[in-house]
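For reference, the structure is listed below as structure tokens.
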Amino acid sequence: MAAVLPPAKRQKVYNGVPEPPQDPPKPSPNVIVQFVNEDDGAPIAPAVNLPANVARESLEVLVNQLRTKDDDEHVPFAFHVALPADASRGGAPTRIVISKSIEADVLGHPSLAFSEEDILVVRCAPQSVFKVRPATRCSSTLSGHSSPILCASFSPTGALLATGSGDTHVRLWDLNTEMPSHTLVGHTGWVLCVEWDPLERKLASGGHDGQVRLWDPTTGKPIGEAMKGHTKWVTSLAWEPLHLNPSAPRLASSSKDGTVRVWSSLTRKLEYTLGGHTASVNVVKWGGGGKGGRGVLYTASSDRTVRVWDPHGGKQLTVLKDHAHWVTTLALNTDFVLRTGPFDHTGRRPASNEEARDLALKRYEGLVNRTPELLISGSDDHTLFLWSLFPSSSASAGGGGKLKPVTRLTGHQRQVSHVAFSPDGRWAASAGWDSAIRLWDCSGSEGTISRLSFADISRCLLTTSSLRKFREICCHPQRPCWSSVSAYMECRFPHGSKCQ
């Protein structure tokens with residue numbers, strides 16, 4: 001039987017009235033645009049004369065042609081224009097994001113701060129090359145713990161996940177098969193923190209029993225006996241950066257007993273104890289900057305101070321006393337590159353410790369050459385402080401002198417529970433007991449927010465809330481996916497959040 005074609009679409013009629021003439025297109029003015037790099041403000045190319053109605057996508061193509069060679073790959077960009085100081089109001093955005101065109105977004109802005117006679121300085125920010133599918137459902141649920149899960153951490157390559165639980169066990173999960181790998185038995189109390197060394201050769205765990213243990217993730221066996229010394233539970237762990245010590249990185253542990261202990265990972269012996277705090281030490285961070293770029297230890301305590309230490313001997317460099325209540329969280333803008341060491345999205349594995357050190361140092365310097373190592377501290381006084389203690393590799397904090405913060409970040413109405421930098425160090429996000437998440441440019445959710453984490457592409461922020469009883473959330477170091485652990489004794493992965 002022959003196919004029957006549908007009838008032709010009936011032409012629009014005007015009931016005998018002639019069709020009204022269409023309005024001629026409105027002429028668009030030409031503007032002079034200077035494209036500059038967002039990081040340092042350096043011009044990408046000489047100023048160009050463009051029609052103001054050029055679409056944002058066409059601006060992206062133009063910038064790629066101006067800044068790259070023919071054999072370089074296309075890089076997506078975001079564009080914005082900074083508002084003059086006299087045009088921005090208190091609490092209002094200080095930049096105009098170009099989402100459609102310069103004519104629609106900049107010349108048509110309600111502030112009327114720009115005209116077609118101005119030279120428009122357009123700042124260009126390179127974006128991630130990933131395309132992320134939305135997470136629509138859970139990929140898998142990793143069950144095995146018999147008590148609530150208290151901590152979780154992806155390995156630097158993203159091949160393994162470690163979880164610590166109230167059942168005194170640490171479990172390793174193979175993320176390629178999403179199956180359990182090993183169960184690490186040794187702690188006699190709740191496992192409160194787990195941390196991978198940057199080469200994924202060792203896993204450290206700290207517990208309510210006051211012990212710090214090292215594990216071999218390939219066999220699931222403990223490396224020697226437990227490292228004992230803390231008289232109360234362990235609150236945080238931090239490994240020495242790989243580019244400072246590739247062969248035998250040291251491990252720092254903080255405790256409720258008010259001390260920080262630095263251990264040798266080879267001998268599992270105590271090297272020294274930092275005992276300046278007068279209350280519980282809640283967080284320890286091991287930065288890659290410091291005097292001469294030799295590293296630095298940051299500790300935050302319930303005695304309302306943040307202390308800075310020289311890791312070579314444990315000498316105290318300075319005490320930061322600006323907070324008015326317990327300091328409960330710290331974050332470095334270099335956290336991501338220090339945690340993942342030589343590993344990136346290419347999946348390349350270094351062949352030696354020297355190659356690993358060179359790769360890790362290259363990644364670290366690539367970030368700090370743009371901006372110095374920054375520290376954010378969050379407190380129960382509802383505020384955060386941004387610090388730049390070592391503005392260059394040759395600068396030092398001085399011996400015990402008090403340094404002023406770069407700025408005080410206010411807005412939370414209750415205690416700040418967590419803060420995290422994006423992997424590129426451009427943004428910071430803070431979460432508080434006021435059920436608010438705040439994003440901060442460093443260049444609401446219901447229920448009490450307890451943890452937050454950025455995906456490695458710096459374009460996805462993850463949060464958890466007490467309404468679903470999530471206790472921890474961590475992001476995969478190489479792929480834009482994450483894992484959440486909860487009081488329901490299981491670990492969940494979202495489905496669909498993968499690169500395409």
Residues 327-338, side-chain donor-acceptor partners within the protein, below 3.5 Å, at least two apart:
{"residue": "Thr328", "atom": "OG1", "partner": "Val416", "partner atom": "O", "Å": "3.2"}
{"residue": "Thr329", "atom": "OG1", "partner": "Val419", "partner atom": "N", "Å": "3.4"}
{"residue": "Asn333", "atom": "OD1", "partner": "Leu374", "partner atom": "N", "Å": "2.8"}
{"residue": "Asn333", "atom": "ND2", "partner": "Pro372", "partner atom": "O", "Å": "3.1"}
{"residue": "Thr334", "atom": "OG1", "partner": "Glu373", "partner atom": "OE2", "Å": "2.8"}
{"residue": "Asp335", "atom": "OD2", "partner": "Lys285", "partner atom": "NZ", "Å": "3.4"}
{"residue": "Asp335", "atom": "OD2", "partner": "Leu332", "partner atom": "N", "Å": "3.0"}

Original post:
Going through the distances and angles, do Thr163 and Leu161 end up as a side chain to side chain contact (heavy atoms under 4.5 Å, CB included)?
Top reply: CA-CA 7 Å; Thr163 56; Leu161 173 71; 4.1 Å; yes

Subject >> Val36/Val122 under side chain to side chain contact (heavy atoms under 4.5 Å, CB included): CA gap, chis, key distance, verdict >> reply: CA-CA 6 Å; Val36 300; Val122 177; over 6 Å; no

**OP:** For Ser379 and Leu384, run side chain to side chain contact (heavy atoms under 4.5 Å, CB included): C-alpha distance rounded to whole Å, both residues' side-chain angles, the deciding distance at 0.1 Å, then the answer.
**Re:** CA-CA 6 Å; Ser379 169; Leu384 303 104; over 6 Å; no

**OP:** Start with the C-alpha distance between Leu83 and Ile96, add both sets of side-chain angles, then the distance that settles side chain to side chain contact (heavy atoms under 4.5 Å, CB included), and finish with yes or no.
**Re:** CA-CA 7 Å; Leu83 274 172; Ile96 303 173; 3.6 Å; yes

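Residues Arg349 and Thr157 have side chains in contact (heavy-atom distance under 4.5 Å, counting atoms from C-beta outward). Using a 4.5 Å heavy-atom cutoff, the side chains of Arg171 and Ser165 are not in contact. Side-chain contact between Leu386 and Pro405 is absent, with no heavy atoms from C-beta onward closer than 4.5 Å. Residues Leu199 and Pro342 have side chains in contact (heavy-atom distance under 4.5 Å, counting atoms from C-beta outward). Between Trp427 and Cys442 there is no side-chain heavy-atom pair separated by less than 4.5 Å. Residues Ser153 and Trp196 are in side-chain contact: their nearest non-hydrogen atoms beyond the backbone lie under 4.5 Å apart. Looking at Ile376 and Phe385, their side chains never come closer than 4.5 Å, going by heavy atoms from C-beta outward. Proximity of Leu203 to Leu184: side-chain heavy atoms (C-beta onward) are separated by under 4.5 Å at one or more points.
Looking at every heavy atom in both residues, Pro350 comes nearest to Phe343 through CD-CE2, 3.8 Å. The two residues Leu244 and Gly293 make their nearest non-hydrogen contact at CD2-O, 3.3 Å. Looking at every heavy atom in both residues, Ala238 comes nearest to Val284 through CB-O, 3.7 Å. Scanning all heavy atoms of the two residues, the minimum distance from Leu237 to Ser253 falls at CD2-CB, 3.6 Å. In this structure, Asp167 and Ser146 approach most closely via the heavy-atom pair OD2-N, 3.1 Å. Of all heavy-atom pairs between Tyr364 and Gly288, the closest is OH-C, 3.0 Å.
Looking only at distances, no side-chain donor or acceptor of Asp174 sits under 3.5 Å from a matching main-chain atom of Ser181. Counting only distance, with no hydrogens or angles, the side chain of Tyr298 and the backbone of Trp309 share no donor-acceptor pair below 3.5 Å. With Thr278 contributing its side chain and Asp303 its backbone, the two residues share no donor-acceptor pair below 3.5 Å. Without hydrogens or angle criteria, Arg370 side chain to Asp424 main chain gives a donor-acceptor distance under 3.5 Å. Checked by atom type and distance alone, the side chain of Asp197 pairs as donor or acceptor with a backbone atom of Lys202 at under 3.5 Å. At least one donor-acceptor pair under 3.5 Å links the side chain of Arg438 to the backbone N or O of Gly411. Although no hydrogens or angles enter the test, the distance criterion places no donor-acceptor pair under 3.5 Å between the side chain of Thr188 and the main chain of Asp209. Using modelled atom types, one side-chain atom of Trp239 and one backbone atom of Glu195 make a donor-acceptor pair closer than 3.5 Å.
Annotation: the span from Leu214 atom CG to Ile223 atom CD1 amounts to 5.5 Å, rounded to 0.5 Å. Rounding to the nearest 0.5 Å places CG of Asn353 at 6.0 Å from OG of Ser247. Atom CZ of Arg95 sits about 14.0 Å away from atom CZ of Phe79, to the nearest 0.5 Å. Distance check: His230 NE2 to Asp257 CG gives 6.0 Å after rounding to the nearest 0.5 Å. Atom CZ of residue Arg213 and atom CD of residue Glu225 lie 7.0 Å apart, to the nearest 0.5 angstrom. The distance from atom CG of Leu192 to atom SG of Cys151, rounded to the nearest 0.5 Å, is 7.0 Å.
Partners of Gln413 by side chain to side chain donor-acceptor pair (under 3.5 Å), not counting sequence neighbours: none found. Partners of Glu38 under the side chain to side chain donor-acceptor pair (under 3.5 Å) rule, at least two apart in sequence or in another chain, are Arg426. For Arg250, the salt bridge (charged side-chain N to carboxylate O under 4.0 Å, His left out) test picks out Glu240, Glu271, with sequence neighbours left out. Listed by chain and residue number, nothing satisfies the salt bridge (charged side-chain N to carboxylate O under 4.0 Å, His left out) test with Glu365 (two or more places apart in sequence, or in another chain). Not counting sequence neighbours, Arg294 has no partner by the salt bridge (charged side-chain N to carboxylate O under 4.0 Å, His left out) test.
Atom CD of Glu355 sits in a crowded spot, with more than 12 heavy atoms from other residues, nucleotides or ligands closer than 6.0 Å. Counting heavy atoms of neighbouring residues, nucleotides and ligands inside a 6.0 Å radius, atom CZ of Arg201 exceeds 12 of them. Other residues, nucleotides and ligands place more than 12 heavy atoms under 6.0 Å from the CH2 atom of Trp215.
For the side-chain hydrogen bond (donor to acceptor under 3.5 Å, both in side chains) with Asn282, the qualifying choice from Ser302, Ser255, Ser254, Ser301 is Ser302, the only one to do so. Checked options Asp322, Thr299, Thr318, Leu375; the residue passing with Val306 is Leu375 (criterion: side-chain contact (heavy atoms from CB on, under 4.5 Å)). Among the candidates Leu297, Leu317, Val319, the single residue satisfying the side-chain contact (heavy atoms from CB on, under 4.5 Å) test with Arg307 is Val319.
Judged purely by distance below 3.5 Å, without hydrogens or angles, the side chains of Trp440 and Ser430 pair a donor atom with an acceptor atom. Side-chain atoms of His323 and Ser377 form a donor-acceptor pair, as typed in the model, at a separation below 3.5 Å. No hydrogens or angles considered: a donor-acceptor pair under 3.5 Å links the side chains of His187 and Ser205.
A tilted orientation is assigned to the rings of Trp190 and His208, their planes being inclined by 30° to 60°.
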